[in-house]
Each structure stands twice: as C-alpha cells, then as structure tokens.
A.B. asks: 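Below: one structure in structure tokens.
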Amino acid sequence: MCDGNLINKLDVETLIESEYPDVAVLMSECLSFCGLCALKPYALVNGARIFGKTPEEALDKIRKKIEEELALFAE
C-alpha cells in the first residue's frame, strides 16, 4: 500500500495482519500509479489493484481478495 493512499485513514496494516497471520502488509512511499492514491482508496493484492469508493469498502474488497488467494493454497 502507498503511504499517501486514502485507505490509510484506517489502520489496514494492523487489521489485516491480525485477521490473517499468514499475510504481510507492505507499505511503500509510492506504488508508481501516479495520482491514483489521491483519488481512490486502493491496495495491491498479489499484483491485483483493489479499489473502493471509501476506505471501508476497499478494506472489505481486500479481505475478499485475500480469502480468494488463501483458498488457492488450501486446495
């Protein structure tokens, strides 16, 4: 996640890492999607851009994507 991202109104790093101990949240000064972080809350999950209209919506979508990714390893 980009440090300047709108999603950082929430403590996403702590929330995700406490809910999913096998998942690491990496913070970066810039993810090279110039201007995107100022427009919408988003994060990259294994290379996929996950967006939301609000930080809460983005977080819900991030959780869903994490669940999908983890399910691949459970099979």
Side-chain angles (χ1 to χ4, degrees):
M1 293 189 319
C2 181
D3 287 339
N5 192 313
L6 293 171
I7 199 168
N8 287 325
K9 292 180 180 179
L10 304 174
D11 187 1
V12 176
E13 184 174 11
T14 301
L15 290 168
I16 294 296
E17 288 183 347
S18 67
E19 292 175 34
Y20 304 99
D22 295 333
V23 172
V25 176
L26 304 176
M27 300 300 290
S28 175
E29 285 184 21
C30 182
L31 294 175
S32 299
F33 294 104
C34 293
L36 183 60
C37 62
L39 298 174
K40 293 181 177 181
Y42 86 100
L44 293 176
V45 178
N46 281 351
R49 284 180 279 180
I50 309 299
F51 300 96
K53 292 179 184 176
T54 65
E56 294 80 11
E57 180 182 341
L59 180 57
D60 288 341
K61 289 181 177 183
I62 290 166
R63 285 180 174 124
K64 182 179 177 185
K65 182 65 174 172
I66 288 170
E67 292 289 339
E68 291 171 6
E69 294 284 328
L70 291 175
L72 294 174
F73 294 104
E75 296 177 352

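Atoms considered below: every heavy atom in the structure, side chains included; atoms not considered: hydrogens, waters and symmetry mates.
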A.B. asks: For Ala48 and Lys65, work out which heavy atoms get closest and say how close.
C.D. replies: CB-CE, 4.0 Å
A.B. asks: Do you know which of Leu44, Leu59, Val45 makes side chain to side chain contact (heavy atoms under 4.5 Å, CB included) with Ile50?
C.D. replies: Val45
A.B. asks: Identify the two heavy atoms, one from Pro41 and one from Pro55, that lie closest to each other, and give their separation to 0.1 Å.
C.D. replies: CG-N, 3.6 Å
A.B. asks: Determine whether Val23 and Val12 fall in the same hydrophobic cluster, where Ile, Leu, Val, Met, Phe, Trp and Tyr are linked whenever their side-chain heavy atoms lie under 4.5 Å apart.
C.D. replies: yes
A.B. asks: So which atom in Tyr42 and which in Ile7 form the shortest heavy-atom distance, rounded to 0.1 Å?
C.D. replies: O-CG2, 3.8 Å
A.B. asks: Give the cluster check for Tyr20 versus Leu10: same hydrophobic cluster or not, with ILVMFWY residues linked at side-chain heavy-atom distances below 4.5 Å.
C.D. replies: yes
A.B. asks: Show your working on side chain to side chain contact (heavy atoms under 4.5 Å, CB included) between Glu68 and Ile66 and close with a plain yes or no.
C.D. replies: CA-CA 5 Å; Glu68 291 171 6; Ile66 288 170; over 6 Å; no
A.B. asks: Measure the OG1-CG distance between Thr54 and Leu6 for me, rounded to the nearest 0.5 Å.
C.D. replies: 10.5 Å
A.B. asks: Any salt bridge linking Glu57 with Lys61? Criterion: basic side-chain nitrogen under 4.0 Å from a carboxylate oxygen.
C.D. replies: yes
